[in-house]
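Let me begin by presenting the structure, written as structure tokens, before commenting on it.
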Amino acid sequence: MASLTEDHPPIGIHDINDESKHKKLNTDVVERESGEREMGHSIHRSGSRPQLDLSKAAIQGNFEEKDPTILLPNQSDDISHLALDIGGSLIKLVYFSRHEDRSVNDRRKKSIKEIFGVSNGNRRSYPILGGRLHFVKFETAKINECLDFISSKQLHRGGLDARHWNSDAPDNENAVIKATGGGAFKFADLFKERLGVSIDKEDEMGCLVSGANFLLKAIRHEAFTHMEGQKEFVQIDTNDLFPYLLVNIGSGVSMIKVDGDGKFQRVSGTNVGGGTYWGLGKLLTKCKSFDELLELSQRGDNRTIDMLVGDIYGGMDYSKIGLSASTIASSFGKAISDNKNLEDYRPEDISLSLLRMISYNIGQDIILETSKCCCTVALCTVPEAQCMIYIAYLNALRFGLKRIFFGGFFIRGHAYTMDTISFAVQFWSKGDAQAMFLRHEGYLGALGAFMSYEKHGLDDLMVHHLVERFPMGAPYTGGKIHGPPLGDLNEKARTRSSWISDMAGSNLSRDAWISWMEKFVRKGTEITAPVPMAPPGTTGLGGFEVPSSKGDTLRSDASNLNVGVLHLVPTLEVFPLLADPKTYEPNTIDLADHGELEYWFTVLSEHLPDLVDKAVASEGGTEDAKRRGDAFARAFSAHLARLMEEPAAYGKLGLANLLELREECLREFQFVDAYRSIKQRENEASLAVLPDLLMELDSMNEEARLLTLIEGVLAANIFDWGSRACVDLYHKGTIIEIYRMSRNKMQRPWRVDDLDLFKERVLGLGEKKPHPHKKALLFVDNAGADVVLGMLPLARELLRRGTEVVLVANSLPALNDVTAMELPDIVAEAAKVCVGLCIHCDILRRAAEAGGLLVDVMINAADVNKENSSSVPLMVVENGCGSPCIDLRQVSSELAAAAKDADLVILEGMGRSLHTNYNAQFKCDALKLAMVKNQRLAEKLIKGNIYDCVCRYEPASSDLQSSSLC
């Protein structure tokens, strides 16, 4: 998204005006507070708060930039953006980095902001917003590696990017960083000696709760269940979050009942936890690390060591009390009777048996502790198994808790551990209680410590403000590895029928060409010509070895924690025209179906070589571009391999997530716009014939013109470099011919054909003429013919009828999709070439001027609005994303502002109207237009064939629609 790459200032200019009126805060004063909480024990919470000195603050650079950088010349106290949770086994670190400054002087965006009343600068005064939260861990025994990491990134001095604030600021000798856990006390002197910083110690329980509450409220796919190897994400209603039980499994186990923000009580705990597993495992197996011990368990068979119920009952279940033959009766029980020594047992089996023993113990203790006050007698009078079932029933009597969230680094995303805990909780509670896990399970304390900084800004963030990314470039570009390098994808060959056979069953036929089309066909040689680049065989997979980690410093982390980087984007908002944002699901394709998942992974893999070629060519085919292209291919293939192994590794997976992951991976390897030159030449070819097309449209009556316009949008949607079938047509040089045939004879009815309903709304029936739509949002797709010969003429028709039009385009490039940065130039060129052709041909120019698009001839937006008060405006806004699809739960503030009084939404293209949003419901009229360029999608979604067309019109509900008619 654009907001993911633009630098958000640490504080808005309006906030400076407000806060600079106050006296300068003395940042050397450290206040301490301690208080008694209503939870049976005293909690010490530090009151030290680093403050900003805003005196003589000034904007650095151009005042018209979207988010100008604020220079704080008198800021002497370092604002630390680092927090740690230093446990007995592991150190968890959360740190913040700001976005790189990529803002530009864009008068059009300034005009749009004025029109829609979008504030310039951040709406909050928090310095933390507009950046990224990173999550890293180290073994406590190797704390020097952690200190080396902090020092290398200067995190204790505000990070390497702190120089963007004040490059001349001296180092602060009194820097303070937040930390929690026992190590905050144990290693305080070491941090002072090595880094010159003081540790400000935060209460451990408070940090755990604060971190958990933030994650459960702000991260959409944070909580999940895990049973029998199946991960299922749970959407938590923040209004119904409390109370819940938080079980933090670190070296030991703490059980905390959480009743609200800052309201919690530690109800119990146990000394048997992750440290127990690691300690015993290290003694019994000689493993060198916790991760190695966990990996060992995956290859183990605990039946060789554990005594099962079936071993006691001759292979039979003990059905009377609900115990199956496979239930563990005694962990390590067989070692009593076996005449074996330790070396006679496989380390893998020992590790698994130990893991199950610890996990079952934790699960049992949880149910026991939530119920023990009600069942002391039962523990003494009934057999153990019956007692546990009874205790489960009594669980509801004490706390009424149905949800139990597990955190802590003992879990580590390990499937068997989660399955074991889930089984134990379900068994002892008889299904009344549910075990749930957190994707950021190990970082609760570190997050809570981070949130103890004043003005961290996280409290005000909502779920639509956070975007999680999964960068993994370092292992593929020769950098230091800090995270697991993933394996290559094992591609499966899949035969694909040729485009000729695909087209054989279609209804397209040759017809007499028209003049503008003939011109476009001649231009087609420019569109289908190969992109100049290096000789074949020099890009793509292979030829670049993944470097290995050297030495012990910043060693590779072998655990699969599946935790990405959280981008904090306060400019994102929920699209206000969604009928019900709570039930909205953007993805149409369900990738929970393994067959569906495998198919789309294969499609993406097969498209990868061509994408790499285009990316390298866009950078001039240099040696550096080839290296980055190869690294991108390997990294993205590794992502696919990881997701094929565990589809829910990065959260709930949809096709839109996969496509966005690919674009983010391209950007990670500095490929800004892989299809730049392709888009430029397609735009030029299309603009050359636009005047002739518009003259032909103007010669038609309004009913024929509306039909031709919709046909034009559907036909032009074939110019899609994201479709494998269309890429084949490009390479064969036949895509122009297919487009001509589609345009000249597009037979109705289409596979989904609601054109008559839309026509009735626009043109009316008989003498009854409807009011025109007040404002239409047109979500555009591809550059070239798609937007120039398809969507622009449709926009012009709506303008002609008195409807304001807002063209909605990507904030960042994705495939050959047109962007909001490119679209104003296209509109300006279209307005220029069409001037003077006929009475209606000045519509685009006047609307573009009224909408602030022709900024080169503008004095200011206000003057233009006065001069064109009789013209309805044509505007362009960015959608807030950089993907072929769009999730309407996270759109730009510009788009959200533009949508508030819109009464028509038009979604065009496969990505925005089929892959996502096909089933989306809106508060206003909605039209979804696309040509289906994938056979499987056509079969699954509309029971049709490739190149079938979709024209789906969904009017607003009757109470909203009635106000739009005369």
Side-chain angles (χ1 to χ4, degrees), residues 221-236 245 247 249 277 294-306 308-311 315-319 321-329 331 348-349 351-367 385 388-389 392 395 402-408 410-439 441 559-562 590-598 642-654:
H221 298 135
E222 178 64 27
F224 62 92
T225 59
H226 203 288
M227 286 292 289
E228 299 180 354
Q230 297 299 312
K231 180 186 288 186
E232 183 175 340
F233 288 93
V234 179
Q235 190 61 47
I236 304 297
L245 188 68
V247 182
I249 312 174
Y277 174 61
L294 273 180
E295 291 174 3
L296 208 62
S297 71
Q298 296 182 15
R299 304 188 297 273
D301 183 357
N302 68 299
R303 294 173 300 179
T304 64
I305 301 179
D306 292 341
L308 310 181
V309 169
D311 295 326
M316 303 290 290
D317 296 338
Y318 191 177
S319 56
I321 59 173
L323 297 177
S324 68
S326 61
T327 300
I328 298 174
S331 294
E348 293 88 344
D349 301 339
S351 178
L352 181 57
S353 177
L354 188 60
L355 176 65
R356 297 193 70 170
M357 181 183 75
I358 302 297
S359 301
Y360 277 142
N361 178 78
I362 293 169
Q364 177 175 312
D365 282 349
I366 291 163
I367 301 302
M388 289 300 105
I389 296 172
N395 177 37
K402 298 294 184 181
R403 288 186 300 224
I404 306 171
F405 295 103
F406 290 83
F410 171 71
I411 301 168
R412 285 163 119 70
H414 192 261
Y416 202 92
T417 304
M418 292 186 289
D419 270 357
T420 304
I421 292 175
S422 296
F423 174 79
V425 171
Q426 184 183 55
F427 179 83
W428 301 126
S429 70
K430 213 173 183 179
D432 285 343
Q434 188 178 34
M436 284 186 277
F437 304 91
L438 304 175
R439 292 184 54 242
E441 58 201 358
S559 65
N560 294 319
L561 296 174
N562 308 327
D590 183 11
L591 294 187
D593 182 330
H594 187 76
E596 202 71 33
L597 182 71
E598 184 178 4
R642 181 72 187 93
L643 291 170
M644 180 58 81
E645 176 188 352
E646 186 184 347
Y650 299 165
K652 187 176 180 181
L653 183 64

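If you're wondering where the values come from, they're calculated on a predicted model, not measured in any experiment. If you read the sequence from its start, that first residue is 1, and numbering goes on from there.
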Inset, instruction - Please confirm whether the backbone N or O of Met227 pairs with a side-chain atom of Ser422, one donor and one acceptor, at under 3.5 Å? - result: no
Side chain to side chain, [X] and [Y], heavy atoms closer than 4.5 Å:
X: Glu348; Y: Asp301; answer: no
X: Ile249; Y: Ile358; answer: no
X: Phe437; Y: Lys231; answer: no
X: Arg303; Y: Leu308; answer: yes
X: Glu441; Y: Phe406; answer: no

Once rounded to the nearest 0.5 Å, what's the spacing between atom [atom1] of [X] and atom [atom2] of [Y]?
X: Glu596; Y: His594; atom1: CD; atom2: NE2; value: 11.5 Å
X: Leu245; Y: Arg403; atom1: CG; atom2: CZ; value: 12.0 Å
X: Thr327; Y: Asp311; atom1: OG1; atom2: CG; value: 11.5 Å
X: Ile305; Y: Ser353; atom1: CD1; atom2: OG; value: 5.0 Å
X: Met357; Y: Ile328; atom1: CE; atom2: CD1; value: 10.0 Å
X: Asn302; Y: Ser326; atom1: CG; atom2: OG; value: 9.5 Å

Heavy atoms only: give me the nearest [X]-[Y] pair and the separation to one decimal.
X: Ala325; Y: Gly315; result: CB-O, 3.7 Å
X: Leu294; Y: His414; result: O-NE2, 3.4 Å
X: Ala223; Y: Ile236; result: CB-CG1, 4.2 Å
X: Phe233; Y: Lys652; result: CE1-N, 3.2 Å
X: Leu597; Y: Leu643; result: CD2-O, 4.3 Å
X: Gly300; Y: Leu352; result: O-CD2, 3.3 Å

Inset, instruction - Could you point out which residue of His226, Gln230, Arg356 forms a side chain to side chain donor-acceptor pair (under 3.5 Å) with Asp419? - result: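 Option passing the side chain to side chain donor-acceptor pair (under 3.5 Å) with Asp419: His226.
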Legend entry - Gln298 CD: over 12 foreign heavy atoms closer than 6.0 Å: yes
